[in-house]
Amino acid sequence: MKKIGTIILMLISFNLIGQNLAECGIDNNPKLTQAESEFLNEYMTEHNKQNFDFTDKKVFFVTGNSGNKFGTKSDYFDKIKQRNQTDDKIATWVVKLTEKEQIESGYDVIVTYWVKVVTEKRKRKILSEIKASR
């Protein structure tokens, strides 16, 4: 009987995450909506998000093997939705920014997807490209 209760609770929680996902990525505003923040806080492991809380944050998305392509919020969530159909997750990480980097770039964090590694050198290049486009 306990197993049935556990299974029911798991199915309900998966369904709630799926409903929350439907509300994510509907625009490319870098400031996350409440639904997007909640979803990412649940979706990423503590290791991947490095204890970062996405609530009310502005996020810059980066993709490509070495983080050489700028992504969009809608692209990012579309990839998650595609993978979610097969119960897979996308490879995604948080690259924290210092307070100075946040002020200079206008973003709170960089979120990478399908990026092998973001070196400090690449991070600086991303930040300088953000500044140049402002």
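For reference, positions follow the sequence shown, starting with 1.
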Engineer: Does any non-hydrogen side-chain atom of M44 lie less than 4.5 Å from one of F52?
Structural biologist: no

Engineer: Can you confirm whether W93 sits close enough to V115 that some side-chain heavy atom of one is under 4.5 Å from a side-chain heavy atom of the other?
Structural biologist: no

Engineer: Donor-acceptor pair, K73 side chain versus V59 backbone, under 3.5 Å?
Structural biologist: no

Engineer: Side chains of L40 and F77: does their closest heavy-atom pair fall under 4.5 Å?
Structural biologist: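 Heavy-atom side-chain distance check passes, below 4.5 Å.
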
Engineer: Tell me the closest heavy-atom pair linking A35 and C24, and the distance in Å.
Structural biologist: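 Here A35 and C24 meet closest at O-SG, 3.8 Å.
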
Engineer: Same cluster or not: are I80 and F54 linked, directly or through other Ile, Leu, Val, Met, Phe, Trp or Tyr residues, by side-chain heavy atoms under 4.5 angstrom apart?
Structural biologist: yes

Engineer: Can you tell me how far CD1 of I26 sits from CD of E36, rounded to the nearest 0.5 angstrom?
Structural biologist: 7.0 Å

Engineer: Find out whether N41 and K49 are in side-chain contact, i.e. whether some heavy atom of one side chain is under 4.5 Å from a heavy atom of the other.
Structural biologist: yes

Engineer: Give me the other members of the hydrophobic cluster that V117 sits in, counting Ile, Leu, Val, Met, Phe, Trp and Tyr linked by side-chain heavy atoms under 4.5 Å, directly or via other members.
Structural biologist: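 Under the 4.5 Å side-chain rule, V117 groups with nothing.
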
Engineer: List the steps, then state whether side chain to side chain contact (heavy atoms under 4.5 Å, CB included) holds for E38 with N20.
Structural biologist: CA-CA 8 Å; E38 289 173 4; N20 198 9; 3.7 Å; yes

Engineer: How long is the straight-line distance from CG of N65 back to NZ of K116, given to the nearest 0.5 Å?
Structural biologist: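 It is 4.5 Å, given to the nearest 0.5 Å.
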
Engineer: Indicate if I110 and V94 have the same hydrophobic cluster label, given that clusters are the connected sets of ILVMFWY residues with side-chain heavy-atom separations under 4.5 angstrom.
Structural biologist: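 No: no chain of side-chain contacts under 4.5 Å links I110 to V94.
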
Engineer: Run the side chain to side chain contact (heavy atoms under 4.5 Å, CB included) test on V95 and I126 for me, step by step, so that the C-alpha distance in whole Å, both residues' side-chain angles and the decisive distance to 0.1 Å come before the verdict.
Structural biologist: CA-CA 11 Å; V95 178; I126 291 168; over 6 Å; no

Engineer: About how many Å separate NZ of K79 and CZ of F61, when rounded to the nearest 0.5 Å?
Structural biologist: 13.5 Å

Engineer: Can you tell me which residue pairs pass the side-chain hydrogen bond (donor to acceptor under 3.5 Å, both in side chains) test with a partner in residues 101-113, sequence neighbours excluded?
Structural biologist: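 Those involving residues 101-113 are T98-E101, E101-K123.
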
Engineer: Applying the 4.5 Å side-chain criterion to the ILVMFWY set and letting contacts propagate, would V118 and F70 be lumped into a single cluster?
Structural biologist: yes

Engineer: Does E99 CD have over 12 foreign heavy atoms under 6.0 Å away?
Structural biologist: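 No, CD of E99 has 12 or fewer neighbouring heavy atoms, counting only those of other groups under 6.0 Å.
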
Engineer: Between I90 and F60, is there shared hydrophobic-cluster membership here, with clusters defined by ILVMFWY side-chain heavy atoms closer than 4.5 Å?
Structural biologist: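 No.
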
Engineer: Set out, in order, the CA-CA distance, both residues' side-chain angles and the distance that settles side chain to side chain contact (heavy atoms under 4.5 Å, CB included) for N68 and K125, then state yes or no.
Structural biologist: CA-CA 9 Å; N68 58 340; K125 185 158 177 60; over 6 Å; no

Engineer: For Q50, is there any backbone N or O sitting under 3.5 Å from a side-chain donor or acceptor partner on K96?
Structural biologist: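 Checked: pair present.
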
Engineer: Please work out which of the three classes, parallel, tilted or perpendicular, describes the rings of Y43 and F39, given edges at 30° and 60°.
Structural biologist: parallel

Engineer: What's the separation between atom NZ in K58 and atom CG in L97, rounded to the nearest 0.5 Å?
Structural biologist: 12.0 Å

